Amino acid sequence: MNASVVLKEYIREELMNGTSNELDESENLLAAGIIDSLGILRLVSFVEEKFGIEVPDEDVTIDNFQSVKSMSDYVASQS
């Protein structure tokens with residue numbers, strides 16, 4: 001499974017309470033109210049655990065975590 005699929009599944013199940021709504025990879029999850037600051041922290045922990053990478057504090061930015069695409073691009077850049 002690629003990072004986008006894994007991230008979308010996690011967001012739907014854990015942050016959107018299992019909703020079946022489709023996520024657009026480029027949708028701004030913060031602006032849409034899908035995730036908040038706590039959601040970003042949960043996502044960072046998930047990314048570190050699932051993909052075996054360490055996300056330093058300086059990488060926890062809106063640019064890296066605002067959409068599924070930005071997160072999957074970040075994961076790919078760390079592999």
Side-chain angles (χ1 to χ4, degrees):
M1 248 188 237
N2 71 27
S4 290
V5 172
V6 172
L7 288 163
K8 280 203 265 191
E9 186 175 297
Y10 176 79
I11 292 166
R12 267 199 302 272
E13 291 298 317
E14 299 296 326
L15 303 176
M16 296 173 68
N17 300 317
T19 185
S20 61
N21 293 350
E22 188 58 36
L23 282 174
D24 183 319
E25 287 193 18
S26 60
E27 180 175 10
N28 185 326
L29 302 172
L30 294 161
I34 295 170
I35 60 173
D36 56 14
S37 56
L38 181 58
I40 288 183
L41 294 176
R42 290 175 64 189
L43 276 165
V44 168
S45 291
F46 174 76
V47 164
E48 289 180 329
E49 183 180 315
K50 185 70 177 182
F51 300 105
I53 59 175
E54 185 176 332
V55 180
D57 290 343
E58 60 269 12
D59 285 356
V60 182
T61 64
I62 290 174
D63 288 340
N64 290 333
F65 286 89
Q66 75 177 354
S67 69
V68 173
K69 176 153 180 31
S70 64
M71 286 182 263
S72 59
D73 289 347
Y74 176 77
V75 167
S77 75
Q78 300 303 304
S79 300

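Everything numeric here is computed off the predicted structure, so don't read it as measured data. We number each residue from 1, following the sequence as shown.
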**Student:** Can you tell me how far apart CD (Glu14) and CG (Asn17) are? Round to the nearest 0.5 Å.
**Tutor:** 9.0 Å

**Student:** Among Val60, Asp59, Ile53, which residue satisfies the side chain to side chain contact (heavy atoms under 4.5 Å, CB included) criterion with Pro56?
**Tutor:** Asp59

**Student:** Does Ile62 share a hydrophobic cluster with Val75, counting links as ILVMFWY side-chain heavy atoms below 4.5 Å and allowing steps through other members?
**Tutor:** yes

**Student:** If I take atom CZ from residue Arg42 and atom CG from residue Asp36, how far apart are they, to the nearest 0.5 angstrom?
**Tutor:** 9.0 Å

**Student:** With ring-ring contact (aromatic ring centres under 6.0 Å, His included) as the rule and sequence neighbours excluded, what pairs involving residues 7-45 come up?
**Tutor:** Tyr10-Phe46

**Student:** May I have the step-by-step check of side-chain contact (heavy atoms from CB on, under 4.5 Å) for Phe65 and Ile35, ending in yes or no?
**Tutor:** CA-CA 10 Å; Phe65 286 89; Ile35 60 173; 5.7 Å; no

**Student:** Who are the side chain to side chain donor-acceptor pair (under 3.5 Å) partners of Ser45, not counting sequence neighbours?
**Tutor:** none

**Student:** Please determine whether side-chain contact (heavy atoms from CB on, under 4.5 Å) holds for the pair Val68 and Glu27, giving the CA-CA distance in whole Å, both sets of side-chain angles, and the decisive distance to 0.1 Å.
**Tutor:** CA-CA 7 Å; Val68 173; Glu27 180 175 10; over 6 Å; no

**Student:** Return yes when atom CD of Glu49 has more than 12 non-hydrogen atoms of other residues, nucleotides or ligands closer than 6.0 Å, and no otherwise.
**Tutor:** no

**Student:** As an exercise, state the distance from CG of Asp73 to CG of Asp63, rounded to the nearest 0.5 Å.
**Tutor:** 11.5 Å

**Student:** Given the rule in the side-chain contact (heavy atoms from CB on, under 4.5 Å) test, do Leu29 and Leu23 qualify, once you have shown the distances and angles that lead to the verdict?
**Tutor:** CA-CA 9 Å; Leu29 302 172; Leu23 282 174; 4.0 Å; yes

**Student:** State, yes or no, whether a side-chain contact exists between Met71 and Ile11 at a heavy-atom distance under 4.5 Å.
**Tutor:** yes

**Student:** If the condition is salt bridge (Lys or Arg N to Asp or Glu O under 4.0 Å), which residues does Glu22 pass it with, not counting sequence neighbours?
**Tutor:** Lys8

**Student:** Report the C-alpha distance between Ser72 and Asn2 in whole Å, list the side-chain angles of each, state the deciding distance to 0.1 Å, and finish with yes or no for side-chain contact (heavy atoms from CB on, under 4.5 Å).
**Tutor:** CA-CA 8 Å; Ser72 59; Asn2 71 27; over 6 Å; no

**Student:** With rounding to the nearest 0.5 Å, note down the distance linking CD in Gln66 to CG in Leu30.
**Tutor:** 7.0 Å

**Student:** Using 0.5 Å steps for rounding, measure from the CG atom of Leu7 to the CD atom of Glu25.
**Tutor:** 9.0 Å

**Student:** Rounded to the nearest 0.5 Å, how far does CG of Leu43 lie from NZ of Lys50?
**Tutor:** 13.5 Å

